[in-house]
Structure formats: structure tokens, C-alpha cells
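Have a look at the structure below, then the notes.
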Amino acid sequence: MIDFHYELDFKLDNATKYSDWITRIIKMEKSSIGQLDYVFCNDSYLLNINQQYLKHDTFTDIITFDYSQGRQVAGDIFISIDRVRENAKEFVVDFNEELRRVMAHGILHLLGYKDKSVSESIEMRERENEAMRLFHVEQ
């Protein structure tokens with residue numbers, strides 16, 4: 001089950017479309033869905049989580065807590081809408097495109113993809129691009 005939670009004045013335009021898309025990403029990787037919770041928040045909310053749980057004192061666009069078991073994907077994905085907006089401006093992309101990239105990034109981490117090394121980052125970006133293309137595919 002995929003649930004969306006909002007800790008600020010923001011809502012996905014079509015939550016069902018996003019749920020269907022996330023499901024396709026997970027199925028593309030031959031995995032199943034457990035409990036997925038997306039929490040959309042602001043910078044200060046996510047900074048607090050970063051400090052409290054990860055001992056990092058920096059802003060970030062996403063933090064993912066992985067509760068997956070085997071091929072069943074489960075976790076909490078926290079996304080700072082403030083960072084997504086800033087990143088969209090910095091990278092000169094549409095806000096919704098950047099939001100989808102970050103949402104896919106979190107799922108890909110839960111699916112086992114990493115981005116610490118250069119080669120891992122390249123593979124992550126390729127998978128993000130595949131996931132982004134799936135958003136406009138109707139099932």
C-alpha cells in the first residue's frame with residue numbers, strides 16, 4: 001500500500017496516478033509493494049530528521065528509511081518540497097519533473113540501488129530516467 005502524507009501546504013495533483021506509477025517502477029524491478037509512506041515536508045522538518053536520526057546537520061531533498069524484506073519494498077520516504085523547488089530552479093527543470101525524479105530516487109534506494117560511487121550514481125540516474133518515462137505510460 002502506498003500512502004501520501006503532507007506536513008505542509010502541498011498536495012499531489014493526482015495521488016492515484018502517482019501510486020500507479022510507483023507500482024509500475026516496483027514491478028519493473030520484479031518486486032512487490034509492502035507499506036510505502038511518502039511524507040512531503042519543508043526544509044526544517046527534514047533537517048530535524050536528518051539531525052536526529054542520521055546525525056547530519058545539512059539540508060537534503062530526500063531521506064529514505066528502508067523496511068523492505070526480500071523483494072517486498074517497504075519504507076518511509078521523506079521529501080522536502082523546499083529543496084525540490086530549489087533544485088528545479090538550479091537544474092532548470094519543471095518542479096513536477098524534479099519531484100518525480102526525487103520520488104523515483106527514493107523507491108530505487110528501497111530497491112537496492114546506491115549512489116555513493118560514480119558508477120553507482122550513473123546507474124541510479126539511468127534507472128531514474130527509466131522510471132520517469134513510466135510516469136506517462138497508462139496501464
Side-chain angles (χ1 to χ4, degrees):
M1 174 181 284
I2 302 169
D3 290 317
F4 301 108
H5 309 275
Y6 306 95
E7 297 295 330
L8 74 167
D9 186 22
F10 167 82
K11 295 253 189 284
L12 292 173
D13 287 337
N14 185 343
T16 300
K17 184 171 184 171
Y18 280 88
S19 291
D20 292 347
W21 170 60
I22 293 162
T23 300
R24 286 194 301 275
I25 295 169
I26 293 168
K27 287 181 178 179
M28 174 181 75
E29 294 290 330
K30 309 221 182 326
S31 295
S32 64
I33 298 174
Q35 180 61 46
L36 288 174
D37 289 285
Y38 276 89
V39 180
F40 299 98
C41 57
N42 61 22
D43 273 347
S44 61
Y45 189 99
L46 199 52
L47 177 61
N48 183 50
I49 290 171
N50 211 5
Q51 292 167 332
Q52 184 176 355
Y53 295 99
L54 303 177
K55 307 301 183 217
H56 299 153
D57 193 23
T58 57
F59 290 117
T60 187
D61 54 358
I62 186 169
I63 295 176
T64 304
F65 293 98
D66 189 354
Y67 310 126
S68 301
Q69 295 183 353
R71 298 303 299 169
Q72 186 177 62
V73 178
D76 295 330
I77 300 173
F78 293 83
I79 296 175
S80 169
I81 294 302
D82 295 334
R83 286 300 94 217
V84 172
R85 281 192 178 107
E86 286 297 315
N87 289 346
K89 286 179 190 173
E90 180 180 335
F91 301 130
V92 193
V93 297
D94 177 72
F95 167 80
N96 289 312
E97 180 180 342
E98 183 63 16
L99 178 62
R100 287 191 294 269
R101 183 170 301 282
V102 173
M103 290 176 74
H105 187 88
I107 288 296
L108 291 168
H109 273 306
L110 295 178
L111 286 161
Y113 291 96
K114 309 282 187 238
D115 59 2
K116 296 296 180 195
S117 72
V118 172
S119 63
E120 288 173 342
S121 292
I122 290 169
E123 182 175 17
M124 176 68 86
R125 183 47 62 116
E126 289 171 0
R127 294 293 184 198
E128 286 173 5
N129 289 338
E130 285 179 37
M132 298 285 287
R133 286 189 291 274
L134 285 179
F135 186 78
H136 300 290
V137 173
E138 298 297 326
Q139 294 279 317

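As the structure is a computational prediction, the values presented were derived from the model and not from experiment.
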Find out whether [X] and [Y] are in side-chain contact, i.e. whether some heavy atom of one side chain is under 4.5 Å from a heavy atom of the other.
X    : Y    : value
M124 : E128 : yes
L8   : Y45  : no
D115 : R125 : no
K27  : I33  : no
H5   : F78  : no
E123 : Y113 : yes
D66  : H109 : no

Quick one: closest heavy-atom pair of [X] and [Y], and the distance?
X    : Y    : result
K30  : R71  : O-NE, 3.7 Å
A131 : A104 : CB-CB, 3.8 Å
V73  : S31  : CG2-CB, 3.9 Å

To the nearest 0.5 Å, tell me how far [X] [atom1] sits from [Y] [atom2].
X    : Y    : atom1 : atom2 : result
L111 : I25  : CG    : CD1   : 8.5 Å
E29  : E130 : CD    : CD    : 7.5 Å
D13  : N96  : CG    : CG    : 6.5 Å
Y38  : L12  : OH    : CG    : 9.5 Å
L54  : I49  : CG    : CD1   : 9.0 Å
F65  : I77  : CZ    : CD1   : 11.5 Å

Given the rule that I, L, V, M, F, W and Y join up when any side-chain heavy atoms are under 4.5 Å apart, are [X] and [Y] in one cluster?
X    : Y    : answer
L110 : F4   : yes
L108 : I122 : no
L36  : Y67  : no
F10  : L47  : no

Parallel, tilted or perpendicular: rings of Y18 and W21 (30°, 60°) | perpendicular
Has [X] got more than 12 heavy atoms of other residues, nucleotides or ligands less than 6.0 Å from its [atom1]?
X   : atom1 : result
Y6  : OH    : yes
D94 : CG    : yes
Q52 : CD    : yes

Mark yes or no for whether D82, through its side chain, and D43, through its backbone, hold a donor-acceptor pair below 3.5 Å.
-> yes
Backbone of S117 reached by a side-chain donor or acceptor of E120 within 3.5 Å | yes
Show your working on side chain to side chain contact (heavy atoms under 4.5 Å, CB included) between N50 and F59 and close with a plain yes or no.
-> CA-CA 8 Å; N50 211 5; F59 290 117; over 6 Å; no
Within 45 degrees of the axis of the six-membered ring of F135 and under 6.0 Å from its centre: does R100 put its NZ or CZ there?
-> yes
Check each of V84, D61, V93 against L99 using the side chain to side chain contact (heavy atoms under 4.5 Å, CB included) test, and report the only one that passes.
-> V84
Going by the side chain to side chain contact (heavy atoms under 4.5 Å, CB included) test, name the single residue among V39, I63, L46, I62 that passes it with S80.
-> L46
Is it true that E86 and R83 make a salt bridge, defined as a side-chain N closer than 4.0 Å to a carboxylate O?
-> no
Where do S44 and N42 land on the side-chain hydrogen bond (donor to acceptor under 3.5 Å, both in side chains) test, with the steps shown first?
-> CA-CA 6 Å; S44 61; N42 61 22; 3.1 Å; yes
